[in-house]
Every structure is written in structure tokens, then in C-alpha cells.
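Each remark here refers to the structure printed beneath this line.
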Amino acid sequence: MSSTEPAVTTGVSQKGLSAGAVGVLGAVVIGISTIAPAYTLTASLGPTVAVVGTQVPAIILVGFIPMLLTAFGYRELNRAIPDSGTSFTWGVRAFGPWIGWMTGWGLIAATVIVLSNLAGIAVEFLFLLISQLTGNAAIADLAFNPFINVGVCLLFMLGATLVSYRDMQTTQKFQYVLVSFQLIVLVVFAVVAIVKAVQGDAPDPTAFSWSWFNPFEVSSFSAFAAGLSLSIFIFWGWDVVLTMNEETKDPAKTPGRAAMVTVVVVVSLYLLLSIGLIMFAGVGSGALGLANEDISANVFFALSDPVLGPLAFLVSLAVLSSSAASLQSTAVGPARTLLAMGHYGALPKKFARVSPRFFTPGYATIVSAVVASVFYAVMRLVSENVLTDTILSLGMMICFYYGLTAFACVWYFRRQWFDSLRTFFFTFLFPLVGGGILAVLFVTTLIDSMDPAYGSGSSVGGVGLVFVLGVGIIVIGIAVMVWQSVRRPAFFRGETLAMDAPPSIRRR
């Protein structure tokens, strides 16, 4: 198997995936679905408010900057090397097999954490929806019974896996309905919240101020970094459109365009929602204040009824559909990364198996789902605090592999930096700045998370659990990588996927 094989053959990609199955609109829908705006914001808005107060819109915009700059790097790499392995493949091309392998591990680890927590949120809103429709408040409490929670969660994972296993056309059709409904409900929810706040019909109406967009009003750099880390989490997932590059209609252009559109749509929606909720509920710790610890882990759960009244069930349905849709679409990324790692010999060959009927990475999809299910079940039964801290450690994983991918773009195109103004900005300056910001956030979060107060308050030997989880995931990745280097030395010698760099255009 040569690393210089053509990427696509007639109707089927080099790895056996169905080529030309996804257009720009389909990719954008799947990208938005993976980010899951309803799920992401209900889980992260409260903690972000607790850290930065009314400066949430500023933090969202600042968090958008490294994502946008990194997205430019992803686009350039995808244009040059459209490969389903994305961060893994590009990391190998730029830095060699060892760093490339760990970049792929970061993507897979982050996705497994999110898959498990998505299913958990879906369970909570399923029971809340049933409670709202039946008028029986006790039904909502069933979601917090650990055994019922885990059992229903596993059913959600099974359903999502069955859809992901099928062809990309099935995935797109499933997503069009769920994503459209989610976006409509969220916009209506935000607008109604703003109107009620302006009319004074809100628990803690707060007058809008342009100062909310000023990041310099955040109290400290640690608070700024913590808020930014949470902000980056809410944008995470747009890169899934690039893992589908071998299945798009124009692999060199469609994924990059879709990634840019996805990020812009999502940041606009987040700004509208954050402004609406701050105006409606305020940033205090009152009964419905966004900084209230009792509601901060699930803001929409607490505010859907005060905002929409009898139509509150629509918000529950939107978050449920968001979680379910994202649960299915998020599985696309790790499965295709595992497929590429198996294809190039970085993992056992069985990961490269493609369903002969659906032309999807069947084995890798099933493994991703099983690992995520086991992870959630164990974490949920051990402690809810552990599950909460895994989400906070997710920010480190995102900074880790996004940052490495941004630096991979810079180094891969090192011979082309000064070929034109365009290559200087898009292959050098933008990804370098984006990767640099993510690296600073990674180190800052690593240091701050050593304090048990960062997160649930849980610790291991006096060291914060968030730090232990984040570092532990990386250490496990290194151990697995070393073991694979013993079992599959050809990949680590660069024989199946080698480093390279395109020549300078000016030198041709």
C-alpha cells in the first residue's frame, strides 16, 4: 500500500467509502448536527457565566477566533490531502508517525467522551419531554436513576450506531429534519426570551449592554482562559465535515467551504441565545440565575417553561433531537479516523473494514459506539462528578489535537509560505496564530486543573480530577501507541504513510 495512491476511484474512494455522496448543504447540516447547539449550550452556558459573568458574548467571539484561524489551516490541508484520517493523516505527513498517531488519538478520545455525554443528555430530555406532555413531574426524575439512565442511554447509542452504519444518504436525510427543527426552536426561544426581558416579564431582566462584547472586562486571565476553554468546547465538531472528504462531491473544495459556513452559522446562533438568556435570567445565583449551580449543568431544562410556558416541550424536543442527531453524526468522525489508521497500518487491519453493502466503516463505527457506551456506563455508575469532570477535560483534548493540526498545516506548507500573499496568510500566519492560542489554552488549563476546585472538587492524591483525567487520556494514548509500534513497525518506520511537503510553486 503506497501513500501516493489516488484518493478516489469511480464511485468508491481508495478506502472503499462511497464517493460523491455529500454536497455542501449536506456537509453543513451534518457539521451543525455534530456541534449540537442545543445540547452544547444547555451544558456549557451556566459554567461559562459562572466564570465570566455577562462577558459570555465576548468569550464566544474570542473563542471563535482560534476556531476560525484553525479552520483555515484545515481547509488548506484538505485541499492538498483530502483524506478521511484528517488530523491523523495530516499530522503524519507533517511531523511523522509518532506525533501524527497522537493527533489521531486526541480526536478519537475527545469524540468518545462527547458521544457518551450526548447520550446522557438525550436521556434527561427524553424523560423531561414525557413529563411535560403527561403533566407528571415525577417522570423527569427517572432520568437520574443511574440504572434507568444507563439502560436508556445504551438504547440511544444502539439507535445512533444503526443509522451511522448505513450509507451517508441515510445520515443526511435523518439530519435535515432534526437540525432544521432544532435551529427553528432555538431562534424562537431566544427571541421570546429577549421580548419578555424587554417587557419586564422575566425573573431577572437585565438590560442589554454592548460592554458584554468587551473581553477586557473579564476579571482575570485565569477566568478568561477558563471561559475561553469552555467557549472552544461549544464550537467543537465542525471538523467532522472534513472527515467525510472522501465521500463528498468535490473533496478538494466542498469540505473546506462547509466547515467555514458551519462555524459562522453556529457563532451567530450562540450570540443570539446567550444574549437572550442573559437578558431574561441574569447572571446571578438566584432560583433561575444562570450562575445557579443547581441549573448550570442544564440551563434549558430549567428555563424552557419560564420562557415558553405551554410550549416548553418544544425546547425539550429540540434538545432531545439535538442530542440524538449529534450522537449519530458525531460517530462519523472517529469511525473514519479509525478507518484511516487501520488502512495505513497504524492500528489492526480490521479497523479498515468497510461494509460491502453500505460502503461505510462498519467495524470502526461499532467499536466507537461500544467504547463510548462502556465509558459512559462506568463513569455514570461510579460518580456523576467524574462524568462532569470528563467534559471539562474534553477542553484539553480539543486544544491538543486542534492545535497539533494547525501546526501541521504550518509545517507541511513550509516551502510555500512566501509564494503568494494568500499562502502566507492561510498556510502560515492564520494557522500559526490559531494553534498558538490553543497551545496557550492547553497549558493554562493543564496548570489550573491541578487544583481540585477546577471542576467538581474531586481529587486524586490532592490533584484535581480534571487534570488526572486529561493527562491520563494522553498517557493511555502514548502507551497504546508504543504497543502498536511493536506490533506494527512498518507504519512507524514511515513505510505505509510517509512524511512529505509540497514543493514551492515559485521553484517549479
Side-chain angles (χ1 to χ4, degrees), residues 1-9 13-17 73-74 76-112 239 242-243 245-246 251 333-354 361 363-364 367-368 371 397 400-416 427 431 435 473-504:
M1 176 172 50
S2 168
S3 61
T4 58
E5 291 174 306
V8 178
T9 57
S13 80
Q14 177 192 357
K15 300 181 185 68
L17 300 170
Y74 269 76
E76 297 306 307
L77 285 166
N78 180 76
R79 190 191 301 270
I81 318 169
D83 189 287
S84 68
T86 57
S87 294
F88 157 72
T89 304
W90 301 333
V92 175
R93 292 287 201 182
F95 299 128
W98 296 91
I99 295 179
W101 200 99
M102 284 304 298
T103 306
W105 174 263
L107 184 155
I108 294 167
T111 310
V112 166
D239 54 315
L242 297 163
T243 68
N245 49 29
E246 294 184 39
R336 280 147 183 80
T337 299
L338 288 169
L339 171 75
M341 294 179 81
H343 178 77
Y344 292 117
L347 286 175
K349 281 292 180 186
K350 59 181 98 175
F351 283 97
R353 293 177 188 168
V354 172
Y363 182 83
V367 170
S368 299
V371 172
M397 291 298 100
F400 177 75
Y401 88 86
Y402 271 6
L404 282 176
T405 306
F407 291 138
C409 174
V410 174
W411 190 244
Y412 181 77
F413 292 107
R414 60 191 179 277
R415 297 175 185 168
Q416 297 185 358
T427 69
I473 291 170
I474 294 174
V475 170
I476 291 172
I478 293 173
V480 174
M481 177 177 63
V482 171
W483 173 243
Q484 292 303 311
S485 71
V486 174
R487 299 294 303 275
R488 271 159 275 280
F491 168 78
F492 291 90
R493 289 196 296 259
E495 296 173 7
T496 59
L497 182 62
M499 292 178 63
D500 68 353
S504 171

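Treat the numbers as computed from the prediction; the structure is a model and nothing was measured.
When all heavy atoms of Gly345 and Lys349 are compared, the closest pair comes out as N-NZ, 4.4 Å. The two residues Pro431 and Cys409 have their closest heavy-atom pair at CG-SG, 3.9 Å. Nearest heavy atoms, Ile473 versus Met397: CG2-SD, 3.6 Å. The two residues Phe491 and Trp101 come nearest to each other via the heavy atoms CE2-CD1, 3.9 Å. Nearest heavy-atom pair across Lys350 and Tyr363 is CD-OH, 2.9 Å. The two residues Ala364 and Ala335 make their nearest non-hydrogen contact at CB-O, 3.3 Å.
Between the CG atom in Leu77 and the CG atom in Asp83 there is a gap of 11.0 Å [rounded to 0.5 Å]. Atoms OG1 and CG, on Thr89 and Asn78 in that order, are 11.0 Å from each other to the nearest 0.5 Å. The distance from atom CD of Gln416 to atom CZ of Arg414, rounded to the nearest 0.5 Å, is 10.5 Å. Interatomic distance, Leu339 CG to Tyr344 OH, rounded to the nearest 0.5 Å: 9.5 Å. Atom OH of residue Tyr401 and atom OG1 of residue Thr86 lie 7.5 Å apart, to the nearest 0.5 angstrom. We find the CE-CH2 distance between Met341 and Trp105 to be 8.5 Å, quoted to the nearest 0.5 Å.
Here the side chains of Thr496 and His343 are not in contact, with every heavy-atom distance at 4.5 Å or above. Two residues are said to be in side-chain contact when any heavy atoms from C-beta on lie closer than 4.5 Å; Pro489 and Glu495 fail this criterion.
Side chains of Thr427 and Tyr412: a donor-acceptor N/O pair is absent below 3.5 angstrom, by distance only.
Of the possible polar contacts, none joining the Arg93 side chain to the Trp90 backbone as a donor-acceptor pair under 3.5 Å is found.
Aromatic ring pairs are classed by plane angle as parallel below 30°, tilted from 30° to 60° and perpendicular above 60°; the pair Phe492 and Trp98 is tilted.
Within a 6.0 Å radius of CZ in Arg493, other residues, nucleotides and ligands contribute more than 12 heavy atoms.
Between Phe351 and Phe88, the distance separating the two ring centers is not shorter than 6.0 angstrom.
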